[in-house]
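These notes are about the structure you will find just below.
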Amino acid sequence: MSNQGKAATLDQAQHKTMLEYLSSSRHSKRNTAIYLLTYRAGLRIGTVAGLRLDDVIDSSGKLNQVVNLHSSIVKGGKNYAAYINHPELQKAIEDYVAIRPNRKGVDALFVSQKGFGFTPNGLSHLMLKVYGSAGFDSASSHSGRRSFATNVLRSGVDIVALKTLMNHSNIATTAEYVSHNDEYLKKVVLGA
(Lines give C-alpha, C1' and ligand atoms only; values in the text may rest on other atoms or scores of the structure.)
Protein backbone atom coordinates (compact mmCIF):
# COMPACT_ATOMS: atom_id res chain seq x y z
CA MET A 1 0.00 0.00 0.00
CA SER A 2 1.23 3.45 -0.86
CA ASN A 3 0.53 6.14 1.68
CA GLN A 4 1.62 9.72 1.17
CA GLY A 5 -0.35 11.37 3.95
CA LYS A 6 -3.61 10.15 2.45
CA ALA A 7 -5.64 6.99 2.70
CA ALA A 8 -3.60 4.01 1.58
CA THR A 9 -4.32 2.28 -1.71
CA LEU A 10 -4.55 -1.47 -2.15
CA ASP A 11 -2.79 -3.26 -4.99
CA GLN A 12 -4.20 -6.43 -6.58
CA ALA A 13 -2.54 -8.78 -4.06
CA GLN A 14 -3.83 -6.70 -1.14
CA HIS A 15 -7.27 -6.60 -2.73
CA LYS A 16 -7.24 -10.40 -2.85
CA THR A 17 -6.14 -10.51 0.81
CA MET A 18 -8.97 -8.16 1.74
CA LEU A 19 -11.54 -10.32 -0.06
CA GLU A 20 -10.21 -13.45 1.65
CA TYR A 21 -10.48 -11.74 5.03
CA LEU A 22 -14.00 -10.51 4.30
CA SER A 23 -15.18 -13.94 3.14
CA SER A 24 -14.47 -15.43 6.55
CA SER A 25 -15.52 -12.52 8.72
CA ARG A 26 -18.81 -11.59 10.39
CA HIS A 27 -21.34 -9.97 8.01
CA SER A 28 -19.14 -11.05 5.11
CA LYS A 29 -21.64 -10.53 2.30
CA ARG A 30 -22.67 -7.08 3.49
CA ASN A 31 -19.14 -5.88 4.15
CA THR A 32 -17.82 -7.30 0.87
CA ALA A 33 -20.48 -5.40 -1.08
CA ILE A 34 -19.68 -2.20 0.83
CA TYR A 35 -15.95 -2.60 0.21
CA LEU A 36 -16.43 -3.36 -3.49
CA LEU A 37 -18.68 -0.34 -4.03
CA THR A 38 -15.68 1.76 -3.05
CA TYR A 39 -12.99 -0.40 -4.72
CA ARG A 40 -14.78 -1.30 -7.98
CA ALA A 41 -17.10 1.70 -8.44
CA GLY A 42 -15.13 4.44 -6.66
CA LEU A 43 -17.97 5.52 -4.40
CA ARG A 44 -17.38 7.59 -1.29
CA ILE A 45 -18.41 5.82 1.90
CA GLY A 46 -21.04 8.50 2.61
CA THR A 47 -22.62 7.78 -0.74
CA VAL A 48 -22.60 4.04 -0.03
CA ALA A 49 -24.36 4.74 3.28
CA GLY A 50 -27.02 6.74 1.44
CA LEU A 51 -27.83 4.08 -1.17
CA ARG A 52 -31.34 2.66 -1.09
CA LEU A 53 -32.31 -0.83 -2.12
CA ASP A 54 -34.31 0.53 -5.06
CA ASP A 55 -31.23 2.42 -6.28
CA VAL A 56 -29.52 -0.86 -7.17
CA ILE A 57 -32.51 -3.13 -7.86
CA ASP A 58 -35.04 -2.21 -10.54
CA SER A 59 -38.81 -2.78 -10.28
CA SER A 60 -38.48 -6.26 -11.85
CA GLY A 61 -35.92 -7.29 -9.22
CA LYS A 62 -32.94 -7.09 -11.58
CA LEU A 63 -29.65 -5.53 -10.50
CA ASN A 64 -28.90 -2.22 -12.20
CA GLN A 65 -25.55 -1.65 -13.90
CA VAL A 66 -25.74 2.11 -13.57
CA VAL A 67 -27.02 3.89 -10.48
CA ASN A 68 -28.20 7.49 -10.64
CA LEU A 69 -26.94 8.96 -7.38
CA HIS A 70 -29.14 11.56 -5.75
CA SER A 71 -27.61 14.93 -4.92
CA SER A 72 -28.58 14.43 -1.28
CA ILE A 73 -26.10 11.55 -0.83
CA VAL A 74 -23.11 12.81 -2.83
CA LYS A 75 -20.40 15.29 -1.98
CA GLY A 76 -20.86 18.49 -3.92
CA GLY A 77 -24.63 18.06 -4.09
CA LYS A 78 -24.91 17.23 -7.80
CA ASN A 79 -26.47 14.12 -9.26
CA TYR A 80 -24.22 11.74 -11.15
CA ALA A 81 -24.13 8.20 -12.47
CA ALA A 82 -22.17 5.43 -10.76
CA TYR A 83 -21.24 2.38 -12.78
CA ILE A 84 -21.68 -0.78 -10.72
CA ASN A 85 -21.27 -3.18 -13.64
CA HIS A 86 -17.95 -4.79 -12.62
CA PRO A 87 -18.70 -8.56 -12.41
CA GLU A 88 -17.05 -8.91 -8.98
CA LEU A 89 -19.17 -6.05 -7.64
CA GLN A 90 -22.36 -7.27 -9.29
CA LYS A 91 -21.97 -10.71 -7.71
CA ALA A 92 -21.25 -9.20 -4.28
CA ILE A 93 -24.36 -7.01 -4.41
CA GLU A 94 -26.50 -9.94 -5.59
CA ASP A 95 -25.14 -12.13 -2.80
CA TYR A 96 -25.84 -9.46 -0.19
CA VAL A 97 -29.33 -8.58 -1.44
CA ALA A 98 -30.24 -12.29 -1.28
CA ILE A 99 -29.61 -12.31 2.50
CA ARG A 100 -30.39 -8.65 3.31
CA PRO A 101 -32.70 -8.38 6.33
CA ASN A 102 -36.16 -7.22 5.27
CA ARG A 103 -36.94 -4.48 7.76
CA LYS A 104 -40.26 -2.73 7.43
CA GLY A 105 -39.73 0.96 6.78
CA VAL A 106 -35.96 0.60 6.14
CA ASP A 107 -35.17 1.34 2.52
CA ALA A 108 -31.39 1.66 3.00
CA LEU A 109 -29.41 -0.84 0.96
CA PHE A 110 -27.13 -1.66 3.87
CA VAL A 111 -28.75 -2.60 7.15
CA SER A 112 -26.88 -2.62 10.43
CA GLN A 113 -27.04 -5.35 13.04
CA LYS A 114 -29.66 -3.26 14.85
CA GLY A 115 -31.86 -3.22 11.74
CA PHE A 116 -31.34 0.37 10.62
CA GLY A 117 -29.52 1.99 7.74
CA PHE A 118 -25.97 3.15 8.39
CA THR A 119 -25.01 6.77 8.83
CA PRO A 120 -21.98 7.88 6.80
CA ASN A 121 -19.99 8.19 10.02
CA GLY A 122 -21.08 4.77 11.25
CA LEU A 123 -20.15 3.13 7.95
CA SER A 124 -16.81 4.94 7.91
CA HIS A 125 -16.00 3.58 11.38
CA LEU A 126 -17.11 0.09 10.36
CA MET A 127 -14.79 0.07 7.34
CA LEU A 128 -11.89 1.47 9.37
CA LYS A 129 -12.36 -1.44 11.78
CA VAL A 130 -12.63 -3.95 8.92
CA TYR A 131 -9.44 -2.70 7.26
CA GLY A 132 -7.61 -2.82 10.59
CA SER A 133 -8.81 -6.34 11.32
CA ALA A 134 -7.66 -7.41 7.85
CA GLY A 135 -4.18 -6.07 8.66
CA PHE A 136 -4.33 -2.81 6.70
CA ASP A 137 -3.69 -0.33 9.50
CA SER A 138 -2.96 2.61 7.18
CA ALA A 139 -6.20 2.10 5.23
CA SER A 140 -9.41 4.00 5.84
CA SER A 141 -12.89 4.12 4.38
CA HIS A 142 -11.43 6.22 1.53
CA SER A 143 -8.85 3.58 0.54
CA GLY A 144 -11.21 1.78 -1.80
CA ARG A 145 -11.98 4.99 -3.67
CA ARG A 146 -8.29 5.90 -3.98
CA SER A 147 -7.51 2.36 -5.14
CA PHE A 148 -10.27 2.62 -7.76
CA ALA A 149 -8.81 5.86 -9.13
CA THR A 150 -5.29 4.43 -9.27
CA ASN A 151 -6.41 1.20 -10.93
CA VAL A 152 -8.59 2.94 -13.52
CA LEU A 153 -5.83 5.31 -14.57
CA ARG A 154 -3.23 2.52 -14.72
CA SER A 155 -5.56 0.50 -16.96
CA GLY A 156 -5.11 3.17 -19.64
CA VAL A 157 -8.26 5.21 -19.12
CA ASP A 158 -7.64 8.93 -19.54
CA ILE A 159 -7.84 11.22 -16.53
CA VAL A 160 -10.80 13.14 -17.99
CA ALA A 161 -12.94 9.97 -17.97
CA LEU A 162 -11.71 9.21 -14.45
CA LYS A 163 -12.70 12.73 -13.37
CA THR A 164 -16.24 11.97 -14.55
CA LEU A 165 -16.33 8.60 -12.78
CA MET A 166 -15.11 10.22 -9.56
CA ASN A 167 -17.59 13.13 -9.87
CA HIS A 168 -14.86 15.71 -9.43
CA SER A 169 -15.31 19.30 -10.57
CA ASN A 170 -11.58 19.84 -11.01
CA ILE A 171 -9.11 17.49 -12.71
CA ALA A 172 -6.43 18.47 -10.18
CA THR A 173 -8.54 16.82 -7.46
CA THR A 174 -8.67 13.64 -9.52
CA ALA A 175 -4.89 13.65 -9.97
CA GLU A 176 -4.42 13.78 -6.18
CA TYR A 177 -6.25 10.45 -5.82
CA VAL A 178 -3.82 8.49 -7.97
CA SER A 179 -1.02 6.71 -6.14
CA HIS A 180 2.26 5.56 -7.69
CA ASN A 181 4.92 3.42 -6.06
CA ASP A 182 8.53 2.78 -7.05
CA GLU A 183 7.79 -0.55 -8.76
CA TYR A 184 5.13 1.02 -10.97
CA LEU A 185 7.36 3.97 -11.87
CA LYS A 186 10.23 1.62 -12.79
CA LYS A 187 7.90 -0.24 -15.19
CA VAL A 188 6.82 3.06 -16.74
CA VAL A 189 10.43 4.01 -17.43
CA LEU A 190 11.20 0.58 -18.92
CA GLY A 191 8.22 0.85 -21.23
CA ALA A 192 9.12 4.34 -22.46
Side-chain angles (χ1 to χ4, degrees), residues 1-22 31-51 55-56 63-69 71 73-93 120 123-124 127-128 130-131 134-192:
M1 282 185 295
S2 175
N3 192 353
Q4 302 162 347
K6 297 179 175 149
T9 58
L10 276 67
D11 62 25
Q12 291 300 315
Q14 293 163 326
H15 170 63
K16 184 178 177 185
T17 299
M18 182 66 166
L19 289 176
E20 287 170 359
Y21 168 77
L22 287 167
N31 294 348
T32 298
I34 292 167
Y35 165 70
L36 288 173
L37 280 164
T38 66
Y39 189 87
R40 291 294 188 197
L43 298 185
R44 289 179 179 91
I45 204 69
T47 301
V48 174
L51 287 173
D55 289 332
V56 298
L63 186 61
N64 292 324
Q65 293 200 3
V66 179
V67 174
N68 293 311
L69 299 172
S71 61
I73 67 168
V74 299
K75 186 175 179 180
K78 59 182 180 178
N79 296 353
Y80 80 101
Y83 298 85
I84 62 169
N85 59 318
H86 191 282
E88 185 178 49
L89 173 56
Q90 288 265 301
K91 180 172 181 348
I93 294 172
L123 200 54
S124 178
M127 290 311 294
L128 185 63
V130 167
Y131 276 117
F136 300 117
D137 294 329
S138 59
S140 74
S141 62
H142 217 57
S143 290
R145 183 168 164 83
R146 287 199 70 230
S147 299
F148 171 80
T150 299
N151 293 334
V152 167
L153 198 60
R154 286 184 183 172
S155 74
V157 173
D158 67 87
I159 197 163
V160 176
L162 178 58
K163 173 187 167 286
T164 301
L165 291 171
M166 301 289 288
N167 193 35
H168 288 152
S169 299
N170 187 327
I171 208 158
T173 304
T174 307
E176 290 177 17
Y177 271 76
V178 179
S179 172
H180 298 301
N181 60 29
D182 287 342
E183 290 307 310
Y184 175 76
L185 295 174
K186 285 185 217 175
K187 288 178 186 175
V188 169
V189 170
L190 287 175

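Ser71 approaches Asn79 most closely through the heavy-atom pair N-OD1, 2.6 Å. Nearest heavy atoms, Leu63 versus Val56: CD1-O, 3.2 Å. Summarising the geometry of Val48 relative to Leu37, their closest heavy-atom pair is CG2-CB, 3.9 Å, with the distance given to 0.1 Å.
Contact of the Asn170 side chain with the Lys163 side chain is not registered, since no non-hydrogen atoms from C-beta on lie closer than 4.5 Å. Annotation: side chain of Asn167 is not in contact with side chain of Thr47 (no heavy-atom distance under 4.5 Å). Within the 4.5 Å cutoff, no side-chain heavy atoms of Val66 are placed close to those of Asn85. Val74 is not listed as a side-chain neighbour of Arg44, based on a closest heavy-atom distance of 4.5 Å or more. Residues Tyr80 and Asn68 fail the side-chain proximity criterion, which asks for heavy atoms closer than 4.5 Å. At a threshold of 4.5 Å between non-hydrogen side-chain atoms, the residues His142 and Met127 do not count as touching. Contact annotation: the side chain of Leu128 never approaches that of Ser141 to less than 4.5 Å [non-hydrogen atoms, C-beta and beyond]. Contact check for Phe136 versus Met18: side-chain heavy atoms found under the 4.5 Å cut-off.
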Inset, instruction - Evaluate the side chain to side chain contact (heavy atoms under 4.5 Å, CB included) criterion for residues Leu10 and Tyr131: first the C-alpha distance (whole Å), next the side-chain angles of each, then the deciding distance (0.1 Å), finally the verdict. - result: CA-CA 11 Å; Leu10 276 67; Tyr131 276 117; 4.1 Å; yes
Inset, instruction - Please lay out, stage by stage, how Tyr21 and Thr17 fare under the test side chain to side chain contact (heavy atoms under 4.5 Å, CB included). - result: CA-CA 6 Å; Tyr21 168 77; Thr17 299; 5.7 Å; no
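A side-chain contact (heavy atoms from CB on, under 4.5 Å) with Ile34 is found for one member of Leu43, Leu51, Leu123, Val130 and no other, namely Leu123.
Going from atom NE2 of His168 over to atom CD1 of Ile159 covers 10.0 Å, rounded to the nearest 0.5 Å. Interatomic distance, CZ of Arg154 versus CG of Asn151, reported as 7.0 Å (0.5 Å rounding). Atom CD1 of Ile84 is separated from atom CD1 of Ile93 by 4.0 Å, given to the nearest 0.5 angstrom. Atom CD of Glu88 sits about 8.0 Å away from atom OH of Tyr39, to the nearest 0.5 Å. Annotation: the span from Ser140 atom OG to Arg146 atom CZ amounts to 9.0 Å, rounded to 0.5 Å. We find the CG-CZ distance between Leu89 and Arg40 to be 9.0 Å, quoted to the nearest 0.5 Å.
Here the side chain of Asp11 pairs a donor or acceptor atom with the backbone of Gln14 at under 3.5 angstrom. Checked by atom type and distance alone, the side chain of Gln65 never pairs as donor or acceptor with a backbone atom of Gln90 at under 3.5 Å. No donor-acceptor pair under 3.5 Å is formed between the side chain of Ser124 and the backbone N or O of Pro120.
Shown here is Lys78, whose NZ atom has more than 12 heavy atoms of other residues, nucleotides or ligands within 6.0 Å.
Taking the side-chain hydrogen bond (donor to acceptor under 3.5 Å, both in side chains) definition, one finds that Lys91 meets it with Asp95, sequence neighbours left out.
In this structure, the ring of Tyr35 has its center less than 6.0 angstrom from the ring center of His15.
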